[in-house]
Amino acid sequence: MYSEKVMDHFTNPRNVGEMADADGIGAEGNPVCGDAMKIFIKVKDNIITDVKFQTFGCGAAIAVSSMVTEMAKGMTLEEASKITKASVAEALDGLPPQKMHCSNLGADALHKAIEDYKNKRGK
Amino acid sequence: MKKIYMDHVATNPLHPEVLDAMMPYFKDNYGNPLSLYEPGFKARAAIEYARESTASLINAKAKEIIFTASGAESNNFAMKGIAYALQAKGKHIIVSKIEHHSVLNSARFLEKQGFTVTYLPVDNHGLVDPAAVQKAITGETILISIIHASPEIGTIQPIAEISKIAKEKGILLHTDSVASAGNIHVDVQALNVDLMTFAAHQFYGPKGAAGLYVKEGTRIVPLIYGGIQEGGRRAGTENVPAIVGMGKAAEITKRDLQKRIDHVRPLRDKIISNTLKTDKVILTGHPEQRLPAHASFVVEYIEGEAMLLMLAAKGIYSASGSACSSKALKSSPVLISIGVPVHLAQGSVVFTLGEETSAEDITYFNETFPQIISRLREISPYSKGWEETEAPTCTVKK
């Protein structure tokens, strides 16, 4: 059902946890609707230096979160903003069709974290 | 790696003696049971022998057993067959909200055909209240269909009590015993039902072999018209090897049932007591009135499919009623009916044991499962509580 990459990121998720001193936090989804994830970013000189995530959800949701954090780490904010659901799914060698939307919230959560960082900095 | 099958309510492996009994009917005695020569006679005799032993498992008469291809077919047959047979008498049917889809979807189909259906609620343990059945009965009621035991939460219904009410009013009672027949002692006389669904793969028989008990003298309209097979009530050339397999499985089950129950119950109890030691884990279904091999839980703050995958990675095969683990991406209606909120239903997990489950398997399971729970809780944003989960706006379309 899942690709080897999905299973790898699900069984050994990267960058799990909370970040006490995050520069930006983005949350997407809700357990009542399905999956939910939270992404924390640390930003220095416009570059995402650290990313962490917490996810409630199925195997795909956890793998997606893990992959997004790996992709985003080291990127500029502009580059990270260009990560999409499709590019995350592609990096995982695909997701089952029924999981493409409900579990693929990583890019949205990341974009919200970037927005949160920008809003905080703007103040 | 160790492989531990803990999804016996989904299906069971074929008993080796059952396979041996079936083989000659694939290879040598392949005749059509209607044919008038020896291979046909042998096939016919084998079917009738299987009918005897299948009937005996549930304390019915051989002529009261109609062979079908699945539990779903038997449930459809009972619902539609009785509705059409009795529609002149009335057009009201009573079912519970926790029936199998094959009963619920048959009920919905019948509603479109002009029947009315009452869907009875259940309590937090999943029990139907017999008084509620009594209340739901109208002058138009022709059939009551209540599942005997729930595959999802294990709860066993008070069918004999419900039957008393049905009999007083002269209403037919069907029970879907797919999860119970062959797993607990099921006796159609003691339950006093008019129709009962059962399936062979739930008691180490083959898939594709099931049956409907129809009490002598009960009129039922066929689903499948054609030849004179099954007394004209279910046409189609018989699946002889599968029927023979069901007969053999019934015979073995009748012999071994008490031994099987005595084997699985204490192992199941160990799972329940150990799993409940973990914080924020709830047993779903009835604590006592439940299938002896069945343990089902809701684990808070994590999701069922993720649990299943992690368990499978450790060689443990199990099931969940979570939305994400279903192809339809919908929470289990059974869990919702017993009052489990949607976000908790996401954490549903079901373990069902069988005769090959060993004490070592359970020790391994009891070591492994709490580790998986805590691993997934480490990943979850809710491990400290369900914050920000009230009245959500679900923007994500499923």
Side-chain angles (χ1 to χ4, degrees), chain A residues 1-4 6-19 22 25-40 52-66 69 85 95-109 111-113, chain B residues 1 298-315 320-331 336 340-349 371-398:
Chain A
M1 170 175 149
Y2 288 133
S3 72
E4 269 177 47
V6 170
M7 284 311 291
D8 175 39
H9 276 266
F10 166 65
T11 44
N12 306 296
R14 285 64 146 172
N15 309 309
V16 173
E18 259 180 308
M19 198 189 284
I25 301 174
E28 186 64 56
N30 190 292
V32 179
C33 319
D35 299 323
M37 57 190 74
K38 232 179 193 176
I39 288 197
F40 307 84
K52 293 256 187 247
F53 81 90
Q54 289 183 316
T55 289
F56 171 95
C58 65
I62 290 170
V64 159
S65 320
S66 169
T69 60
K85 284 174 189 267
L95 286 171
Q98 78 271 23
K99 301 282 184 185
M100 267 311 275
H101 299 290
C102 71
S103 306
N104 198 350
L105 307 173
D108 295 341
H111 298 160
K112 280 193 173 174
Chain B
M1 189 179 48
V298 158
V299 182
E300 290 203 48
Y301 314 138
I302 58 178
E303 191 279 325
E305 192 222 59
M307 276 190 271
L308 300 194
L309 289 175
M310 286 243 173
L311 284 161
K314 298 279 183 191
S320 168
S322 89
C324 304
S325 64
S326 81
K327 285 262 164 10
L329 299 174
K330 272 188 178 164
S331 294
I336 302 306
V340 175
V342 176
H343 61 289
L344 293 192
Q346 294 276 32
S348 129
V349 63
Q371 289 169 10
I372 287 173
I373 294 174
S374 73
R375 177 75 185 119
L376 286 170
R377 281 181 176 171
E378 278 166 30
I379 302 175
S380 169
Y382 301 107
S383 46
K384 293 186 196 91
W386 291 106
E387 45 160 326
E388 298 157 30
T389 55
E390 298 301 317
T393 44
C394 294
T395 52
V396 183
K397 288 276 180 292
K398 287 221 157 169

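Because the structure is a prediction, the values reported are computed rather than measured. All heavy atoms count here, side chains included; hydrogens, waters and symmetry mates do not.
Note on ring orientation: taking the six-membered ring where Trp is involved, the planes of B:Y382 and A:F56 are perpendicular (angle over 60°, cut-offs 30° and 60°).
A donor-acceptor pair is defined here as one N or O able to donate and one able to accept, closer than 3.5 Å; such a pair exists between the side chain of A:K85 and the backbone of A:N104. Side chain of B:S320 to main chain of B:S348: a donor-acceptor pair is present (N/O by atom type, distance under 3.5 Å, no hydrogens or angles).
Under the salt bridge (Lys or Arg N to Asp or Glu O under 4.0 Å) criterion, B:R377 pairs with no residue, sequence neighbours left out.
The greatest number of non-hydrogen atom pairs below 4.5 Å with chain A, out of B:P341, B:P381, B:S380, is found for B:P381. Of all the listed residues (B:L344, B:I379, B:V342, B:L309), the one sharing the greatest number of non-hydrogen pairs under 4.5 Å with chain A is B:I379.
With a 4.5 angstrom heavy-atom cutoff, A:A60 touches chain B only via backbone atoms. Within the 4.5 angstrom heavy-atom criterion, only backbone atoms of B:I302 (N, CA, C, O) approach chain A.
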